[in-house]
Amino acid sequence: MTMSTPAPDTVDLGDPDTFADHDLDEFWRTVRDTAPVYWNPPADGRGGFWVLSRHDDIMATYRDDVNFTSERGNVLVTLLGGGDAGAGRMLAVTDGHRHHELRKILQRVLSPRVLDEVARAVRAGTRQLIREAAGAGGLDFAGQIAGRIPMTTISNLLGVPEEDRDYLLARTKAALSTDDEDIDEVDSEMARNELLMYFMDIVEERRESPGDDVISMLIASSIDGVPLSDEDVVLNCYSLIIGGDETSRLTMIDCVRTLASHPEQWRRLKHGEVAIDTAVDEVLRWASPTMHFGRSVVRPAELHGVRLRPGEIVTLWHASGNRDERIFDRPGEFDLGRTPNKHIAFGYGPHFCVGSFLAKVEISELLMALRDFTTGFEQTGQARPIRSNFLTGFSTLPVRFHPDHSGLKEADR
Ligand code: HEM
């Protein structure tokens with residue numbers, strides 16, 4: 001698909017179609033150079049908002065939870081829609097002392113030590129899927145492989161029964177309204193409520209008979225001596241599903257798509273010329289699946305001579321910051337050996353992604369399985385872009401893998 005380069009004053013970053021139809025590289029370069037604090041005017045019934053595009057401004061704003069808050073929403077849809085129903089209870093939209101305490105609880109349940117078993121399951125599952133795919137001819141990588149890994153991982157973590165996982169995947173996609181043009185805000189809202197109700201039932205069950213899953217651990221947790229309420233637990237389960245599935249899935253899809261079109265980078269990976277951890281970071285920088293997050297101004301602030309007033313919305317664009325030539329050498333080049341790589345795909349500061357370790361495990365296992373079981377792969381048809389002003393990526397990716405017979409034989413031993 002060829003995408004047009006729009007004139008800067010015609011771009012509306014609140015409109016999901018802007019991202020599906022346009023190549024914004026030139027737009028972002030112009031904004032970074034000439035309007036680092038850029039005003040996206042009101043349009044289509046949506047209010048206006050500030051846009052930060054430079055890497056260091058984005059980091060500084062992420063770090064600053066005194067002048068800026070997440071409690072009125074942290075993505076455009078809630079920021080413009082008047083707030084987030086989970087404010088003060090769901091980690092991502094809670095600030096201050098309660099955020100600090102809640103984050104400690106989630107960090108505990110998502111720590112590398114606790115995740116050891118989950119990581120082993122990710123490894124086994126991913127290797128199994130890629131081994132099967134290597135001998136399968138053509139398939140849709142998005143649906144048949146990437147759709148299975150993160151949702152299985154989060155479901156294992158939460159102790160969600162296997163038969164419910166397809167339902168959760170469908171509801172998660174609808175909640176973020178990314179997969180289907182026919183899903184509107186009302187359908188998304190309904191999907192979000194269904195997910196919350198689903199978790200409400202599970203929380204009730206786990207109160208009766210606790211297990212060793214994250215939901216049971218959350219139920220047993222307290223802040224300042226007060227146990228988390230059912231609603232607190234439900235909202236944070238919801239946030240793990242929403243935060244942990246689609247972001248990782250889109251990154252994996254973009255990873256395969258990008259490697260298929262960069263044979264020289266694939267060769268470096270295949271021949272062990274790049275460290276897997278380094279490659280994972282470049283995959284994350286390149287994909288930047290969450291295009292933006294945002295904050296509301298709570299105290300008057302000034303940036304590059306622009307005054308930000310309390311109540312105004314400030315959006316932070318990873319899609320631009322991760323291509324900022326002030327920070328990255330040759331930012332438009334996909335280089336699996338890139339070091340240093342200070343990408344901001346996981347955000348920064350107090351709300352830095354609490355699932356980053358798990359996400360990195362998933363992407364590195366994918367890279368290693370591709371390296372071990374295939375000699376390469378090709379994209380065999382068009383990938384369908386998702387439609388969103390928050391996430392970027394593709395919902396389908398037809399590919400054909402070429403099996404590495406010696407790698408496959410080795411694994412069979
Ligand atoms: C926070 C990105 C995977 C759960 C964040 C933030 C970003 C991000 C940018 C910061 C939001 C803000 O500052 O407002 C990503 C990307 C991922 C990924 C790119 C995959 C490639 C995951 C996974 C989980 C997860 C696997 C769950 C296991 C969360 C949660 C927060 C968060 C709960 C809120 C943290 C807080 O507010 O303290 N993520 N994430 N994410 N992420 Fe992730």
Side-chain angles (χ1 to χ4, degrees), residues 52 58-59 61-65 68-76 78-79 84 86-96 98-112 114-115 118-119 122 146 149-158 172 176 214 218 235-255 280-296 313-319 321-322 343-364 366 390-393:
L52 303 189
I58 294 172
M59 298 247 289
T61 309
Y62 266 136
R63 209 170 24 226
D64 182 354
D65 58 357
F68 302 97
T69 180
S70 297
E71 293 211 344
R72 293 180 208 150
N74 70 338
V75 291
L76 272 173
T78 48
L79 285 161
D84 192 308
R89 292 178 299 171
M90 189 163 84
L91 187 68
V93 285
T94 300
D95 281 329
R98 194 165 174 85
H99 173 259
H100 185 73
E101 295 302 306
L102 193 53
R103 191 169 163 101
K104 277 202 299 202
I105 296 173
L106 277 150
Q107 269 171 334
R108 243 189 343 260
V109 300
L110 293 173
S111 72
V114 175
L115 287 180
V118 176
V122 171
I149 300 168
M151 184 51 87
T152 306
T153 311
I154 304 280
S155 300
N156 285 343
L157 206 64
L158 296 173
T172 308
L176 292 168
V214 163
L218 290 175
L235 284 165
N236 285 291
C237 291
Y238 168 82
S239 123
L240 288 176
I241 284 268
I242 291 277
D245 172 55
E246 190 134 32
T247 48
S248 301
R249 178 155 41 84
L250 292 173
T251 308
M252 288 181 181
I253 297 166
D254 197 63
C255 172
V280 168
D281 276 319
E282 182 65 348
V283 165
L284 282 158
R285 182 187 77 91
W286 195 256
S288 296
T290 54
M291 285 189 289
H292 77 269
F293 272 99
R295 301 290 187 256
S296 296
I313 294 168
V314 178
T315 52
L316 318 173
W317 289 82
H318 303 167
N322 276 340
H343 70 79
I344 42 171
F346 290 128
Y348 187 67
H351 288 278
F352 179 81
C353 178
V354 78
S356 63
F357 172 78
L358 193 54
K360 284 186 168 191
V361 167
E362 292 170 334
I363 301 161
S364 57
L366 172 65
F390 168 49
L391 295 165
T392 183

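The figures here come from the full heavy-atom set of this structure, side chains too, leaving out hydrogens, waters and symmetry mates. When a ligand or atom number is given, it counts from 1 through the structure's own listing order. Position 1 is the first residue of the sequence; numbering continues from there.
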Option with minimal heavy-atom separation from atom 32 (C) of ligand 1, where the choices are Cys353, Ala359, Gly355:
Cys353

Sub-4.0 Å heavy-atom contact, Pro350 with ligand 1:
yes

Which protein heavy atom lies closest to atom 2 (C) of ligand 1, and at what distance to 0.1 Å?
Ala345 O, 3.4 Å

Less than 4.0 angstrom from a charged side-chain N to a carboxylate O is my criterion; do Arg98 and Glu101 meet it?
no

Within the 3.5 Å criterion, strictly below it, is a donor on Arg295 or Ser70 matched to an acceptor on the partner's side chain?
yes

Checking the side chain of Asp254 only, and the main-chain atoms of Val283 only, is there a donor and an acceptor separated by less than 3.5 Å?
no

Polar proximity ligand 1 side, Gly243 side, N/O cut 3.5 Å exclusive:
yes

Please say whether Arg295 places an N or O atom under 3.5 Å from an N or O atom belonging to ligand 1.
yes

Output the list of atoms in ligand 1 that are nearer than 4.0 Å to some heavy atom of Tyr62, sorted by atom number.
13 (O)

Taking only heavy atoms of Ile154 into account, list the atoms of ligand 1 that are under 4.0 Å away from them.
28 (C)

Modelled atom types, side-chain donor and acceptor of Ser288 and Asn322, under 3.5 Å
yes

Evaluate Leu52 against Thr315 for side chain to side chain contact (heavy atoms under 4.5 Å, CB included), listing each step before the verdict.
CA-CA 6 Å; Leu52 303 189; Thr315 52; over 6 Å; no

Between Asp281 and Lys360, is a side chain to side chain contact (heavy atoms under 4.5 Å, CB included) present by the stated rule, with each step listed?
CA-CA 8 Å; Asp281 276 319; Lys360 284 186 168 191; 3.4 Å; yes

Do any N or O atoms from the side chain of Thr172 and from the backbone of Ile242 form a donor-acceptor pair under 3.5 angstrom?
no

With a cut-off of 4.0 Å, which atoms of ligand 1 are near a heavy atom of His99?
36 (C), 37 (O), 38 (O)

To the nearest 0.5 angstrom, please state how far the CG atom of Asp95 sits from the CD atom of Glu71.
4.5 Å

Contact region, Thr251 to ligand 1, non-hydrogen atoms below 4.0 Å, reads side chain

Judged by heavy atoms only, the candidate from Gly73, Gly244, Gly349 nearest atom 24 (C) of ligand 1 is Gly244

Test your reading of the model: is there a side-chain donor-acceptor pair from Ser248 to the backbone of Asp245, 3.5 Å cut-off?
no

Counting from 1, what ligand 1 atoms have a heavy atom of Leu284 closer than 4.0 Å?
21 (C)

Any N or O of His351 that comes nearer than 3.5 Å to an N or O of ligand 1?
yes

Close-contact set for ligand 1 against Ala92 heavy atoms, below 4.0 Å:
34 (C), 37 (O)

Given Tyr238, Tyr348, Phe346, which has its nearest heavy atom closest to atom 16 (C) of ligand 1?
Phe346

Within-cut-off N or O pair, Glu362 and ligand 1, under 3.5 Å
no

With side chain to side chain contact (heavy atoms under 4.5 Å, CB included) as the criterion, how do Phe346 and Leu284 come out once you've worked through the C-alpha distance, each side chain's angles and the decisive distance to 0.1 Å?
CA-CA 9 Å; Phe346 290 128; Leu284 282 158; 3.6 Å; yes

Just one of Thr153, Val109, Val214 clears the side-chain contact (heavy atoms from CB on, under 4.5 Å) bar with Leu158, so which one?
Val214

For ligand 1 and Arg103, I'd like to know whether there is a polar contact (N/O to N/O, distance under 3.5 Å).
yes

Parallel, tilted or perpendicular: rings of Tyr62 and His318 (30°, 60°)
tilted

Check each of Ile344, Val361, Thr247 against atom 3 (C) of ligand 1 and report the one with the nearest heavy atom.
Thr247

Just distances here: any N/O of His318 and N/O of ligand 1 closer than 3.5 Å?
no

At a 4.0 Å threshold, what atoms of ligand 1 neighbour a non-hydrogen atom of Gly347?
9 (C)

Work out whether the distance between some heavy atom of Ser70 and some atom of ligand 1 is less than 4.0 Å.
no

State the atoms of ligand 1, each with its element, that fall below the 4.0 Å cut-off from a heavy-atom position in Ser239.
33 (C)

Relative to ligand 1, is Ser248 under 4.0 angstrom through side chain, backbone, both or neither, heavy atoms considered?
both

Just do the side chain to side chain contact (heavy atoms under 4.5 Å, CB included) check on Arg249 and Ile149 with the steps written out, would you?
CA-CA 8 Å; Arg249 178 155 41 84; Ile149 300 168; over 6 Å; no

Atom 33 (C) of ligand 1: which protein heavy atom is closest, and how many Å away?
Val354 CG1, 3.4 Å

For the pair Phe390 and Phe293, name the ring-plane relationship: parallel under 30°, tilted 30 to 60°, perpendicular over 60°.
perpendicular

